[in-house]
*Asks:* 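Below is one structure. I have some questions about it.
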Amino acid sequence: MNRKELNATAYKMMAPGKGLLAMDESNPTCNKRFAKIGIPQTEAARRDWRELIVTTPHLAESISGAILYDETIRQNTKDGTPIINAISDAGIIPGIKVDMGAKPMAGYPGEKVTEGLDGLRDRLQEYARLGARFAKWRAVIEIGAGIPSRACIEANAHALARYAALCQEAGLVPIVEPEVLMDGSHDLKHCFDVTLEVLRTVFSQLYQQGVMLEGMILKPNMVIPGSDCPDQATVAEVAVATVNCLLQAVPAAVAGIAFLSGGQAGELASAHLNSMHVQFGARLPWPLTFSFARAIQQPAMDIWHGKAANVSIAQQALNHRAKCNQAARRGEYSSEMEMMLKDQFSKQAIMTSITLFVSSGLLT
Ligand code: 13P
């Protein structure tokens, strides 16, 4: 294990004012999101979408690293450039999702354990050869009647730590993602308790398996009431509960923490991250940033709709969300900023539509 190199990569991934972009949806997940808005579920469409993302002008100003899926790391842009090269050339560090998905756990109905350890050493070596510098593994913990069980938490924590140790051996920085899902009617305190137990179990396993904390990144959920809970929390309450939970479970040596969005609306995810920085600021022992997928991609995907004519406007929407999260990471995000950028964005969108209309020859 090259400790210095791992630490240097993790440090770059957590660069001040930047965060990570998750664009590693598996084919079934990506297809599901395309189907919802009528985009064809083909390899070409998935390639076009990922090309749109990685060629977004100025993205590297707010995004330090991008997490890819196996299909994407092997694809080329339309002009024949490997997508992974397009990312590196843009100044963004490429990473790769390496788990094989959360599967039903034998003997524990309603719970899941993430698979993918078999053959992982060889796959990691291949990904490193292809140019990946970091990896991601997601475990899923659901809150419900009588769940999560200790068995589910321990099995997932064990797999996360085994994966992380193998990544560091291969020279890749592991992103360790134990996600406590937002689905359900549990309250804020219940999410806090489960998240705390999960994180403590994960760090105990990471310690047992000799994972270097300075060369890994934690990707947790925020502490939020379940989406069906009648007693929703304020932005400030979520921020306080989340940071207090992390402070009690995550050693200060960890290179950084980058949140998943978990299905929160983009603006709310930004507001939560912002509030953590406003309320805790310099008291945070680790860099605290974002590693969102839906909360960055969704508005842009809605605009794109699979149409080449919409690429530029969709890229502006993507950059807009990335910039809002950059501001949130600095504790400088505000709804005014959101409105101002949106305003500027819609003016540009109107101008682009007029240009497209004129160049289509419909207006003479
Ligand atoms: P969301 O931000 O959409 O939750 O996705 C993050 C992620 O990478 C899930 O593994």
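Quick note: residue numbers are just sequence positions, from 1. Any value given below was found using the heavy atoms of this structure, including those in side chains, with hydrogens, waters and symmetry copies removed.
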*Asks:* Sorted by first residue and then second, give each ring pair (Phe, Tyr, Trp, His ring centres under 6.0 Å) pair with at least one member in residues 257-286; sequence neighbours left out.
*Replies:* none
*Asks:* Can you name the salt bridge (Lys or Arg N to Asp or Glu O under 4.0 Å) partners of Glu5, sequence neighbours left out?
*Replies:* none
*Asks:* Give the intermediate values and the outcome of side-chain contact (heavy atoms from CB on, under 4.5 Å) for residues Val254 and Phe203.
*Replies:* CA-CA 10 Å; Val254 166; Phe203 278 97; 3.5 Å; yes
*Asks:* Run the side-chain contact (heavy atoms from CB on, under 4.5 Å) test against Ala239 and tell me which residues pass, sequence neighbours left out.
*Replies:* Ser275, Met276, Gln279
*Asks:* Taking atom types as modelled, find out whether Thr195 and Asn221 have a side-chain donor-acceptor pair closer than 3.5 angstrom.
*Replies:* yes
*Asks:* Using the ring pair (Phe, Tyr, Trp, His ring centres under 6.0 Å) rule, collect all pairs that involve residues 142-184, keeping only residues at least two apart or in two chains.
*Replies:* Trp137-Tyr163
*Asks:* Can you check side-chain contact (heavy atoms from CB on, under 4.5 Å) on Ile92 and Val54, steps first, answer last?
*Replies:* CA-CA 9 Å; Ile92 295 172; Val54 305; over 6 Å; no
*Asks:* Within the structure provided, determine whether Asp231 and Pro225 are in side-chain contact (heavy-atom separation under 4.5 Å).
*Replies:*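 Result no, sub-4.5 Å side-chain heavy-atom pair not found.
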*Asks:* Is it the case that more than 12 heavy atoms not belonging to Met105 sit under 6.0 Å from its CE atom?
*Replies:* yes
*Asks:* Would you mind telling me which of Arg138, Arg50, Lys136, Lys32 makes a salt bridge (charged side-chain N to carboxylate O under 4.0 Å, His left out) with Glu25?
*Replies:*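 It is Arg50, the one option of Arg138, Arg50, Lys136, Lys32 that forms the salt bridge (charged side-chain N to carboxylate O under 4.0 Å, His left out) with Glu25.
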*Asks:* If you apply the rule side-chain contact (heavy atoms from CB on, under 4.5 Å), what do you find for Ile175 with Met13, and how did you get there?
*Replies:* CA-CA 11 Å; Ile175 295 182; Met13 290 165 70; 4.1 Å; yes
*Asks:* State, to 0.1 Å, how close Met301 and Phe34 come at their nearest heavy-atom pair, and which atoms those are.
*Replies:*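 For Met301 and Phe34, the tightest heavy-atom pair comes out as CE-CE1, 3.8 Å.
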*Asks:* Mark yes when over 12 heavy atoms from residues, nucleotides or ligands other than His58 sit less than 6.0 Å from its NE2; otherwise mark no.
*Replies:*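 Count not over threshold, so no.
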*Asks:* Salt bridge check, Lys323 against Glu61: does any charged N sit closer than 4.0 Å to a carboxylate O?
*Replies:*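 Salt bridge: yes.
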*Asks:* Is the closest side-chain heavy-atom distance between Gln326 and Arg330 below 4.5 Å?
*Replies:*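 They are in contact (side-chain heavy atoms under 4.5 Å apart), so the answer is yes.
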*Asks:* Of all heavy-atom pairs between Asn7 and Glu214, which one has the smallest distance, and what is that distance?
*Replies:* ND2-O, 2.8 Å
*Asks:* Below 4.0 angstrom, N of the basic side chain to O of the carboxylate: do Glu338 and Arg321 qualify?
*Replies:* yes
*Asks:* Go through the structure and list residues passing salt bridge (Lys or Arg N to Asp or Glu O under 4.0 Å) with Arg294, not counting sequence neighbours.
*Replies:* none
*Asks:* Between the main-chain N or O of Lys18 and the side-chain N or O of Thr289, is there a donor-acceptor pair closer than 3.5 Å?
*Replies:* yes
*Asks:* Arg133: what forms a salt bridge (Lys or Arg N to Asp or Glu O under 4.0 Å) with it, not counting sequence neighbours?
*Replies:*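 Arg133: no salt bridge (Lys or Arg N to Asp or Glu O under 4.0 Å) contacts found.
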*Asks:* Checking the side chain of Gln209 only, and the main-chain atoms of Ser204 only, is there a donor and an acceptor separated by less than 3.5 Å?
*Replies:* no
*Asks:* Compare all side-chain heavy atoms of Tyr108 with those of Ile147 and state whether any distance is below 4.5 angstrom.
*Replies:* no
*Asks:* With a 4.5 Å cut-off on side-chain heavy atoms, are Asp24 and Ile96 touching?
*Replies:* no
*Asks:* Applying salt bridge (charged side-chain N to carboxylate O under 4.0 Å, His left out) as the test, list every pair that has at least one member in residues 190-204; sequence neighbours left out.
*Replies:* Arg150-Glu197, Lys189-Asp193
*Asks:* Treating Gln168 as the side-chain partner and Gly215 as the backbone partner, does any N or O pair qualify as donor plus acceptor under 3.5 Å?
*Replies:*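 Such a contact is found between Gln168 side chain and Gly215 backbone.
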*Asks:* Using the side-chain contact (heavy atoms from CB on, under 4.5 Å) criterion, which residues pair with Leu130? Sequence neighbours excluded.
*Replies:*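 By the side-chain contact (heavy atoms from CB on, under 4.5 Å) rule, Leu130 matches Ile73, Arg74, Glu126, Tyr127.
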*Asks:* Do any N or O atoms from the side chain of Asn156 and from the backbone of Thr114 form a donor-acceptor pair under 3.5 angstrom?
*Replies:*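 Confirmed, Asn156 side chain pairs with Thr114 backbone.
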*Asks:* Could you work out the complete set of other residues in the hydrophobic cluster of Leu181, with links drawn between I, L, V, M, F, W and Y side chains under 4.5 Å apart?
*Replies:*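 Members alongside Leu181: Val140.
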*Asks:* For Ile84 and Gly131, work out which heavy atoms get closest and say how close.
*Replies:* CD1-C, 3.6 Å
*Asks:* Between Ser270 and Cys324, what is the shortest heavy-atom contact and its length?
*Replies:* OG-CB, 4.2 Å
*Asks:* For the residue pair Arg46 and Asn31, confirm or rule out a side-chain donor-acceptor distance under 3.5 Å.
*Replies:*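 The answer is yes; a qualifying pair exists.
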*Asks:* Are Val250 and Tyr207 linked, directly or through other ILVMFWY residues, by side chains that come within less than 4.5 angstrom of each other?
*Replies:* no
*Asks:* Sub-3.5 Å donor-acceptor pair from the side chain of Asn274 to the main-chain atoms of Glu332, do we have one?
*Replies:* yes
*Asks:* Kindly determine whether Cys167 and Val173 satisfy side-chain contact (heavy atoms from CB on, under 4.5 Å), including the steps that lead there.
*Replies:* CA-CA 6 Å; Cys167 281; Val173 171; over 6 Å; no
*Asks:* Taking the six-membered ring for Trp, are His190 and His186 parallel (under 30°), tilted (30 to 60°) or perpendicular (over 60°)?
*Replies:*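 Correct class here is perpendicular.
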*Asks:* Check whether Tyr69 and Leu21 end up in the same hydrophobic cluster, where Ile, Leu, Val, Met, Phe, Trp and Tyr are linked by side-chain heavy atoms less than 4.5 Å apart.
*Replies:*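 Different clusters: Tyr69 never reaches Leu21 through Ile, Leu, Val, Met, Phe, Trp or Tyr contacts under 4.5 Å.
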*Asks:* Can you list every side-chain hydrogen bond (donor to acceptor under 3.5 Å, both in side chains) pair that touches residues 80-105, not counting sequence neighbours?
*Replies:* Asp79-Thr81
*Asks:* Looking at every heavy atom in both Ser62 and Asn319, which two are closest together, and how far apart are they?
*Replies:* OG-OD1, 4.5 Å
*Asks:* May I ask you to decide whether Lys112 forms a salt bridge with Glu142, counting only side-chain N to carboxylate O separations under 4.0 Å?
*Replies:*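 The answer is no: the pair does not qualify as a salt bridge.
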*Asks:* Do Leu124 and Met100 sit in one hydrophobic cluster, given that two such residues count as connected whenever their side-chain heavy atoms are within less than 4.5 Å of each other, even indirectly?
*Replies:*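 Result: no, two separate clusters.
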*Asks:* Please check if any side-chain donor atom of Asp302 sits under 3.5 Å from a side-chain acceptor atom of Gln298, or the reverse.
*Replies:* yes
*Asks:* Would you say NZ of Lys78 has more than 12 non-hydrogen atoms from neighbouring residues, nucleotides or ligands within 6.0 angstrom?
*Replies:* yes
*Asks:* Which pair of heavy atoms, one from Pro148 and one from Glu111, lies closest together, and at what distance?
*Replies:* CA-OE2, 3.1 Å
*Asks:* Would you say Leu260 and Leu160 are hydrophobically clustered, going by side-chain heavy atoms of ILVMFWY under 4.5 Å?
*Replies:* no
*Asks:* With a 4.5 Å limit on heavy-atom distance, are the side chains of Ser64 and Leu20 in contact?
*Replies:*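 Heavy-atom side-chain distance check passes, below 4.5 Å.
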*Asks:* Val243, Val198: one ILVMFWY side-chain cluster at the under-4.5 Å cut-off?
*Replies:*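 Both belong to a single hydrophobic cluster.
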*Asks:* Would you mind reporting whether Gln208 and Gln205 have side-chain heavy atoms less than 4.5 Å apart?
*Replies:*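 A side-chain contact exists here, since the closest heavy-atom pair is under 4.5 Å.
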*Asks:* Does Tyr11 sit in a hydrophobic cluster with other residues, and if so which ones, taking ILVMFWY side chains as linked at heavy-atom separations under 4.5 Å, directly or through other members?
*Replies:*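 Joined to Tyr11, directly or through intermediates: none.
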*Asks:* For Arg123, check salt bridge (Lys or Arg N to Asp or Glu O under 4.0 Å) against everything at least two apart and list the hits.
*Replies:*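 Testing Arg123 for salt bridge (Lys or Arg N to Asp or Glu O under 4.0 Å), a comparison that skips the adjacent residues, returns none.
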